[in-house]
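Shown next, in structure tokens, is the structure this report addresses.
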Amino acid sequence: MSAMIDTPVDTPARSNEIVTLQAHILQQQSRYPEASGQFSWILSALAISAKMIASHVRRARLDDVLGTVGNQNVQGEQQQKLDVIANDILLRTLGGREGVAIVASEENEEPVILRTDDSAERKYCVLFDPLDGSSNLDVCGAVGTIFSILRKDRRSPDPQASLLQCGAEQVAAGYVLYGSSTVFVLTIGLGVDMFVLDPAYGAFIRVARGMQIPKTNKCYSVNEGNRLSFPEGYQKYLSWAQERGYSSRYAGAMVADVHRILLQGGVFMYPPTRKAPKGKLRLMYEANPMAMIVEQAGGKALSAPGERILDVRPTDIHQRVPVIIGSSEEVDQVAAHL
Ligand code: AHG
Ligand code: MN
Ligand code: MN
């Protein structure tokens, strides 16, 4: 890990300074005098996208954009109207940034090549899940956006192939949680920082730096309805945890479930099931970015015992992977049962 967490958790109340996401990005950029600024512009496109999507999510019921559009996405899942709106917002904001060469989304079968020339200026790929947990929208539940940023591999003539890098190569990753507040969690490989949208000013304000996930907490997060179709080791783990008084928490949106675990500790899992033998979650824009965040916060993220998610070599941008992610001791306990 390239992580170097230079400042422990630091709240505005203690330090007395107010730092917006924009100011934070510029502060980080100033640490790299050779930086062209392209990367910072990409992060700012993600921040404005988050504000725009948040405003649509808040108005979803009023604007009648709940429900499906009648199409299935590439994964055979119903596209919700807001999935399409959020995808469009991200494509349009990132499309305006010179530093973005390729974007890949859960909602687009093929990556979208924004710029084909190989100039040194156009050097990043952005992968995203525009709206995670979108079926929660119909019940005003929490939803999110997940993103991963890779450097474009200029050795590869095929733009799609340049996307197929391990998660360990990510230069940045993050998510936005549209919950009771809109929260932006970001890592650029220097620890994890958290920002909350102040609706009065329309700015993300930094509320925590160098976040550290608790090493242990007796809490698991998994769709237990699938229990009987999990591999035996997961079933044994669940019995083990229940005998020890663990709590179960499951929102049905990875962003919301992993966010709780980042703050309070525990383990989130999406195991293989009969219906989804490789698990349900997508490696490139769900598992990898969440794994980078959790590892940067001192936790663990495995696809199987001894197999880091970040080391999985991708063969397809939409491939799925089993996920065990969270507090180091809790992830170890799951792995020990498998
Ligand atoms: P998406 O809405 O982007 O397709 O993702 C939903 C995912 C993930 O957020 C969540 O953890 C999982 O699906 C829930 O799946 P189950 O309903 O099978 O538990
Ligand atoms: Mn998702
Ligand atoms: Mn989605």
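In this text the structure is predicted, and so the values were computed from the model without any measurement. Counting starts at 1 for both ligands and their atoms, following the listed order.
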Checklist outcome for this item: If we number the atoms of ligand 1 from 1 as shown, the ones under 4.0 Å from a heavy atom of Leu131 are 2 (O), 3 (O)
With a cut-off of 2.8 Å, does [X] place any N/O/S atom under that distance from the Mn ion (ligand 3)?
X: Pro130; answer: no
X: Glu106; answer: yes
X: Glu107; answer: no

Next on the checklist: Taking the basic N atoms (NZ, or NE/NH1/NH2) and the acidic carboxylate oxygens, is any pair closer than 4.0 Å for Glu106 and Arg282?
Outcome noted: yes
Checklist entry - Is the shortest distance from a Lys or Arg side-chain nitrogen in Lys300 or Asp332 to a carboxylate oxygen in the other one below 4.0 Å? => result yes
Checklist entry - For Met254, is at least one N or O under 3.5 Å away from an N or O on ligand 1? => result yes
Checklist entry - Just distances here: any N/O of Ser135 and N/O of ligand 1 closer than 3.5 Å? => result no
Next on the checklist: Rounded to the nearest 0.5 Å, what separates atom OH in Tyr237 from atom OH in Tyr220?
Outcome noted: 8.0 Å
Checklist entry - atom 10 (C) of ligand 1: which of Pro130, Gly144, Gly252, Ala142 has the nearest heavy atom? => result Gly252
Item to check | Of the listed options Glu286, Glu107, Lys280, Arg282, closest to atom 17 (O) of ligand 1 (non-hydrogen atoms) | outcome: Lys280
Checklist entry - Which one holds for Leu281 and ligand 1: side chain close, backbone close, both close, or neither close, with close meaning a heavy atom under 4.0 Å? => result side chain
